[in-house]
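Take a look at the structure below.
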Amino acid sequence: RKEVEQDPGPFNVPEGATVAFNCTYSNSASQSFFWYRQDCRKEPKLLMSVYSSGNEDGRFTAQLNRASQYISLLIRDSKLSDSATYLCVVNQRGSQGNLIFGKGTKLSVKP
Amino acid sequence: EAGVTQFPSHSVIEKGQTVTLRCDPISGHDNLYWYRRVMGKEIKFLLHFVKESKQDESGMPNNRFLAERTGGTYSTLKVQPAELEDSGVYFCASSQQMVENEQFFGPGTRLTVL
């Protein structure tokens, strides 16, 4: 079983749509959680950290359910510029910062 | 402020040859990480330096891979001899002192072994 699992997509949505991505992680020792964004042939960039209480940054909302070992990302009012691959990433307690990546979910926002 | 830089951006070599990848982290970042993405797979951790010391190299695939970080500044990752399965994109990332700080990634080196 993979340590971090995501639906690879692609998710094809029209501009203005709301889209949600889910992610599950297998190791209950996971301590920190992130969503990274990766544009085609570019490096991953941190989109947002995910906190137990849930957190929001503009049109983006992240949720964490430790009991179910489940992370989500909600994007409201999708823009063309949101088209990218979204990577679910975890960091295990005591791992010294080594990040564990999911394969990513591809989003394509159409006009 | 300059971000993480990597050199070369692309490298095409033949099986059995040697390749050295270089990473320059953001100035002042003690933590330096190497990751790799093989086609069709997720990005995977290779190793972690704190300054010039290897903190964790549990992700290194085998002894054909050698990483160094001279003086705690830039890092090199040498593959010798290269095999076909080494093809992929090699990312370097750096972060400030605390390991839970955001990791900033370089643009990657795309390695193709023929």
Side-chain angles (χ1 to χ4, degrees), chain A residues 1-10 21-27 29-52 55 57 60 62 64 71 84-106, chain B residues 2-7 9-10 21 23-26 29-51 53-60 67 88-112:
Chain A
R1 181 184 173 187
K2 290 202 176 295
E3 292 187 80
V4 178
E5 296 215 53
Q6 298 180 248
D7 180 344
F21 304 138
N22 303 319
C23 165
T24 57
Y25 60 95
S26 61
N27 193 328
S30 298
Q31 182 178 28
S32 305
F33 309 89
F34 311 92
W35 284 101
Y36 274 72
R37 170 193 169 128
Q38 186 174 24
D39 292 288
C40 188
R41 293 185 170 260
K42 299 283 190 179
E43 70 272 22
K45 291 186 178 179
L46 180 66
L47 178 66
M48 58 197 302
S49 300
V50 188
Y51 304 114
S52 296
N55 48 298
D57 183 1
F60 299 84
L64 167 64
I71 306 161
T85 295
Y86 290 82
L87 305 170
C88 179
V89 183
V90 306
N91 177 358
Q92 293 178 10
R93 187 178 301 121
S95 72
Q96 297 294 316
N98 312 340
L99 301 178
I100 301 170
F101 286 79
K103 287 181 72 172
T105 298
K106 187 172 182 179
Chain B
V4 177
T5 58
Q6 293 187 244
F7 183 83
S9 58
H10 294 80
L21 314 181
C23 168
D24 286 81
I26 293 172
H29 281 193
D30 290 339
N31 294 292
L32 188 149
Y33 303 84
W34 283 98
Y35 294 87
R36 175 174 77 170
R37 184 168 201 162
V38 172
M39 186 179 292
K41 305 273 189 175
E42 65 275 16
I43 296 171
K44 286 203 166 180
F45 164 78
L46 296 179
L47 87 159
H48 171 207
F49 284 98
V50 177
K51 297 184 180 177
S53 300
K54 289 178 187 173
Q55 189 73 19
D56 182 351
E57 50 185 329
S58 62
M60 294 286 263
V89 182
Y90 290 77
F91 291 106
C92 175
S94 71
S95 69
Q96 291 180 331
Q97 189 174 17
M98 302 300 288
V99 293
E100 58 268 22
N101 287 343
E102 177 182 352
Q103 293 186 25
F104 295 86
F105 282 76
T109 293
R110 186 171 297 273
L111 174 64
T112 302

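Every chain is numbered from 1 and lettered A, B, ... according to where its sequence line falls, protein lines coming before strand lines. Hydrogens, waters and symmetry mates are skipped; everything else that's a heavy atom, side chains included, is used.
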Report summary line: Under 4.5 Å to a heavy atom of chain A? For K41(B) that would be backbone

Query - For chain A, the option from Q6(B), R110(B), K44(B) that forms the most heavy-atom pairs under 4.5 Å - result: R110(B)

Query raised in the report: Do you know which of R41(A), K42(A), K45(A), K2(A) has the most heavy-atom pairs with chain B at a distance under 4.5 angstrom?
Result: R41(A)

Query raised in the report: Which pair of heavy atoms, one from F45(B) and one from L99(A), lies closest together, and at what distance?
Result: CB-O, 4.1 Å

Report summary line: Of all heavy-atom pairs linking F91(B) and Q38(A), the shortest is CZ-NE2, 3.6 Å

Query raised in the report: How long is the span from the CE atom in M48(A) to the CD atom in E102(B), to the nearest 0.5 Å?
Result: 12.5 Å

Query raised in the report: Should we say atom CZ of F7(B) is surrounded by more than 12 heavy atoms from elsewhere, each under 6.0 Å from it?
Result: no

Query - Region of I100(A) in contact with chain B, defined by heavy-atom distances below 4.5 Å - result: neither

Report task. Below 4.5 Å from any heavy atom of chain A, which atoms of F104(B) appear? Answer side chain, backbone, both or neither. Result -> neither

Query raised in the report: Side chain, backbone, both or neither: which part of Q6(A) has a heavy atom under 4.5 Å from chain B?
Result: neither

Report task. Taking all heavy atoms of E43(A) and all of F105(B), pick out the closest pair and write down the distance. Result -> CG-O, 3.6 Å

Report task. Measure the CG-CG distance between D56(B) and N98(A) for me, rounded to the nearest 0.5 Å. Result -> 4.5 Å

